[in-house]
Amino acid sequence: MKHSEKYRTIIIEPSQIIQEGIKLFLEKHPYFQVSACLSDLPSFESKLFKEKFHIILFNPATIKFYETVNIRNLFANYPDVCLIAILYQYVDAETLQNFDGVLDIYGDGYTIPKKILKIIETAQPKNDKAADNVELSDREKEILIALSQGLANKEIADKLHISTHTVISHRKNIIRKTGIKTVSGLTLYAFFNNLVSQDDLL
């Protein structure tokens, strides 16, 4: 990317003080523009962005079930975005592996833009094979939606006119592709990938 074009950045962080602090230091730097500051992922998913953005600064602790979710999969619709964890509390190493880098907020705030630029420069290219593995078939999406609505295997089989064994087989494929094993985690995945709405989950 040419530096005449600014890195448009989304900040997803529940603390308004931390949001505003990061935004302040980024906007003082000529290479950054903060497009939005949001408190959680539902706010991100409900917002329509008119312009392409390049960076998501995201606090992984904002996901209640983050320890069971491959966070990269929640942003599957944005494969080219640099995903950076905002870190100021404990997050396990396995979760942090889903990010292109980690931004700790301690120390001199003026170093924040430099830290982000270093992460962007050293970020590994996205693995196309991994992205392909996330793509669910239409049938898998139907089953995922049904799971999100609280249906059991037999209920899903009856609804879709397939065998319970087939439902179980599809569930295994969904788990393999998403890396998510729990129903709560799969429900989050379905919601953040626009397969179900909030009304569907009530």
Side-chain angles (χ1 to χ4, degrees), residues 1 5-92 95-106 109-120 123 126 131 134 148 178-180 184-202:
M1 181 178 122
E5 182 186 356
K6 294 189 176 186
Y7 289 109
R8 286 188 288 277
T9 305
I10 309 291
I11 301 172
I12 306 175
E13 163 57 51
S15 167
Q16 188 174 0
I17 292 172
I18 292 172
Q19 272 184 24
E20 292 299 324
I22 294 173
K23 179 180 178 183
L24 174 70
F25 288 108
L26 286 184
E27 292 196 330
K28 285 183 176 182
H29 195 283
Y31 293 169
F32 294 95
Q33 172 188 326
V34 177
S35 300
C37 288
L38 307 166
S39 60
D40 52 33
L41 273 171
S43 301
F44 172 79
E45 286 297 322
S46 65
K47 193 168 178 66
L48 297 175
F49 296 98
K50 294 179 181 177
E51 295 180 322
K52 179 182 178 182
F53 52 91
H54 308 98
I55 302 166
I56 298 175
L57 297 175
F58 171 58
N59 183 342
T62 59
I63 300 181
K64 185 176 179 183
F65 303 107
Y66 76 86
E67 66 276 4
T68 64
V69 175
N70 182 330
I71 290 174
R72 175 60 71 179
N73 288 347
L74 296 179
F75 295 96
N77 291 335
Y78 309 96
D80 298 326
V81 169
C82 186
L83 184 59
I84 301 174
I86 300 171
L87 192 64
Y88 55 90
Q89 59 197 48
Y90 174 76
V91 177
D92 66 278
T95 298
L96 293 178
Q97 287 177 356
N98 291 295
F99 291 85
D100 293 305
V102 175
L103 175 69
D104 70 83
I105 62 166
Y106 299 106
Y110 289 99
T111 64
I112 285 176
K114 292 179 183 177
K115 290 177 181 178
I116 295 173
L117 286 172
K118 187 172 183 182
I119 291 168
I120 292 168
K126 306 298 182 295
V134 174
S148 302
T178 64
I180 303 169
S184 58
L186 289 170
T187 301
L188 276 175
Y189 178 87
F191 177 71
F192 291 126
N193 285 278
N194 302 315
L195 297 175
V196 294
S197 68
Q198 199 165 5
D199 292 338
D200 294 330
L201 304 177
L202 296 177

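Every heavy atom of this structure was used, including side-chain atoms; hydrogens, water molecules and symmetry mates were not.
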Search all heavy atoms of [X] against all heavy atoms of [Y] and return the closest pair with its distance.
| X | Y | value |
| --- | --- | --- |
| C37 | K23 | SG-CD, 3.9 Å |
| I180 | G185 | CG2-C, 3.4 Å |
| I119 | C82 | CG2-SG, 4.2 Å |
| S148 | L186 | OG-O, 4.2 Å |
| D100 | V81 | OD2-O, 3.8 Å |

> Would one find more than 12 heavy atoms of other residues, nucleotides or ligands at under 6.0 Å from atom CD of Q16?
Replying inline: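 Counting other residues, nucleotides and ligands, CD of Q16 stays at 12 neighbours or fewer.
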
> Excluding sequence neighbours, so at least two apart, what forms side chain to side chain contact (heavy atoms under 4.5 Å, CB included) with K118?
Replying inline: none

Between the main-chain N or O of [Y] and the side-chain N or O of [X], is there a donor-acceptor pair closer than 3.5 Å?
| X | Y | result |
| --- | --- | --- |
| N59 | A61 | yes |
| T111 | K114 | no |
| Q19 | E13 | yes |
| R8 | F32 | no |

>> According to ring pair (Phe, Tyr, Trp, His ring centres under 6.0 Å), who are the partners of F99, at least two apart in sequence or on a separate chain?
In response: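 Counting only residues at least two positions away or on another chain, F99 forms no ring pair (Phe, Tyr, Trp, His ring centres under 6.0 Å).
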
> Who passes ring pair (Phe, Tyr, Trp, His ring centres under 6.0 Å) against F75, sequence neighbours left out?
Replying inline: F44, F58

[Y] and [X], any side-chain heavy atoms less than 4.5 Å apart:
| X | Y | result |
| --- | --- | --- |
| I22 | L57 | yes |
| T187 | F191 | no |
| T9 | F53 | no |
| L83 | I55 | no |
| H54 | Q33 | no |
| L26 | I112 | yes |

>> Please confirm whether the ring centroid of Y88 lies under 6.0 Å from the ring centroid of Y106.
In response: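 That pair fails the under 6.0 Å test.
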
> Salt bridge between K52 and D80, side-chain N to carboxylate O under 4.0 Å?
Replying inline: no

>> K47 vs I10, test: side chain to side chain contact (heavy atoms under 4.5 Å, CB included). Steps then yes/no.
In response: CA-CA 11 Å; K47 193 168 178 66; I10 309 291; over 6 Å; no

> Taking atom OH of Y7 and atom NE2 of H29, what is their separation to the nearest 0.5 Å?
Replying inline: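 Between Y7 OH and H29 NE2, I get 10.0 Å after rounding to 0.5 Å.
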
>> Given L87, which partner from the list I105, L96, L103 fulfils the side chain to side chain contact (heavy atoms under 4.5 Å, CB included) test?
In response: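 Testing L87 for a side chain to side chain contact (heavy atoms under 4.5 Å, CB included) against I105, L96, L103 leaves exactly one candidate, L96.
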
> Between I84 and I56, is a side chain to side chain contact (heavy atoms under 4.5 Å, CB included) present by the stated rule, with each step listed?
Replying inline: CA-CA 6 Å; I84 301 174; I56 298 175; over 6 Å; no

